[in-house]
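Below you'll find the structure, written out as structure tokens, and then a few comments.
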Amino acid sequence: MKRWWPYPLLTAALVAMWLLLTESVALGSILMGGILATVAVWGFAALDPPGGRLKRPRAAFALAALVMADIARSNLAVVKIILNPRKTERVSGFLHIPLDMRAPYGLATLACIITATPGTIWVEYNSANNTILLHILDLVDESTWIDTIKGRYEKRLMEIFE
């Protein structure tokens, strides 16, 4: 069974997504979704992803709520920056942030959080010295950004994934 469907929950989720996207539960749609999901899962299994477990689901939900609030707050801040006619006060730039976290799923989640937050972009990860390079639209104080990334996100992600 594991040979045909190494990740049965992922296969089922992909079939369900296919049915939602096609807006049909006809036999043909189910078969096509099953075939596509099976091939996609085989491709995923060929990548040999590292094993990982979500160690603290409550912390993950708390982090998700925090991220949603931060994204909403950041949207408002970016709107103010864009609509403000005094653009000389805004300074954008790049910032290197040292990390303590090494868990691959934690780093991937951090990349998603940072990139999903308006005004910030994850540019590079340097595995040799475990630092990330971010581009920040409104870089007022570098130490505040470092404290924000390390205190709000990295600490929680380490609790969840390490």
Side-chain angles (χ1 to χ4, degrees), residues 7 9-25 29 33 36-37 40-41 43-44 47 49-50 52-162:
Y7 300 99
L9 291 176
L10 179 60
T11 306
L14 289 173
V15 170
M17 187 180 298
W18 176 262
L19 295 176
L20 287 171
L21 288 172
T22 60
E23 297 180 2
S24 172
V25 289
S29 291
L36 289 174
V41 168
F44 179 70
L47 295 174
R53 283 267 185 229
L54 190 64
K55 295 184 180 175
R56 296 203 166 103
R58 280 187 151 167
F61 287 118
L63 177 64
L66 175 72
V67 168
M68 285 189 271
D70 285 350
I71 288 174
R73 189 178 315 115
S74 184
N75 273 313
L76 294 174
V78 169
V79 166
K80 287 178 186 177
I81 289 171
I82 291 172
L83 296 178
N84 189 1
R86 295 175 281 152
K87 294 182 180 179
T88 57
E89 297 174 10
R90 178 179 48 89
V91 176
S92 62
F94 292 91
L95 177 63
H96 284 278
I97 300 177
L99 295 178
D100 299 321
M101 178 173 48
R102 295 232 180 236
Y105 291 123
L107 291 169
T109 305
L110 182 61
C112 291
I113 290 169
I114 289 172
T115 303
T117 305
T120 59
I121 298 174
W122 175 298
V123 177
E124 175 186 50
Y125 171 67
N126 186 338
S127 61
N129 57 6
N130 204 32
T131 61
I132 58 174
L133 175 65
L134 303 182
H135 181 269
I136 301 169
L137 179 64
D138 190 19
L139 183 61
V140 178
D141 183 24
E142 291 183 5
S143 63
T144 303
W145 276 100
I146 292 171
D147 292 342
T148 300
I149 298 298
K150 292 187 74 57
R152 287 178 78 86
Y153 302 130
E154 184 187 26
K155 183 177 79 172
R156 288 176 169 88
L157 287 168
M158 287 174 70
E159 179 183 333
I160 295 168
F161 291 107
E162 290 186 351

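In what follows, residues are counted from 1 in the order of the sequence shown. Remember, predicted model here, so these are calculated numbers, not experimental data.
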Can you tell me how far apart [atom1] ([X]) and [atom2] ([Y]) are? Round to the nearest 0.5 Å.
| X | Y | atom1 | atom2 | answer |
| --- | --- | --- | --- | --- |
| M17 | L14 | CE | CG | 6.0 Å |
| I81 | L76 | CD1 | CG | 11.5 Å |
| M101 | I160 | CE | CD1 | 9.5 Å |
| R102 | M158 | CZ | CE | 10.5 Å |
| W122 | I149 | CH2 | CD1 | 9.0 Å |

Using side-chain heavy atoms (C-beta onward) and a distance below 4.5 Å, is [X] in contact with [Y]?
| X | Y | value |
| --- | --- | --- |
| I113 | L63 | yes |
| L99 | L110 | yes |
| Y153 | V67 | yes |

Is there a donor-acceptor pair closer than 3.5 Å between any side-chain N or O of [X] and the backbone N or O of [Y]?
| X | Y | result |
| --- | --- | --- |
| T115 | A111 | yes |
| S29 | V25 | no |
| E142 | L95 | no |
| T11 | A37 | no |
| E154 | D100 | yes |

Shortest non-hydrogen contact from [X] to [Y]?
| X | Y | value |
| --- | --- | --- |
| W145 | L139 | CD1-CD1, 3.6 Å |
| F161 | A103 | CB-CB, 4.1 Å |
| P118 | N75 | CG-OD1, 3.0 Å |
| R156 | G151 | NH1-O, 3.5 Å |
| P98 | H96 | CD-O, 4.0 Å |

(request) Check the surroundings of atom CG in L9: do more than 12 heavy atoms from other residues, nucleotides or ligands lie under 6.0 Å from it? (result) no
(message) By the definition side-chain contact (heavy atoms from CB on, under 4.5 Å), identify the one residue from I114, N130, L134, T131 that meets it with I97.
(response)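 Going through the options one by one, the only one that passes is L134.
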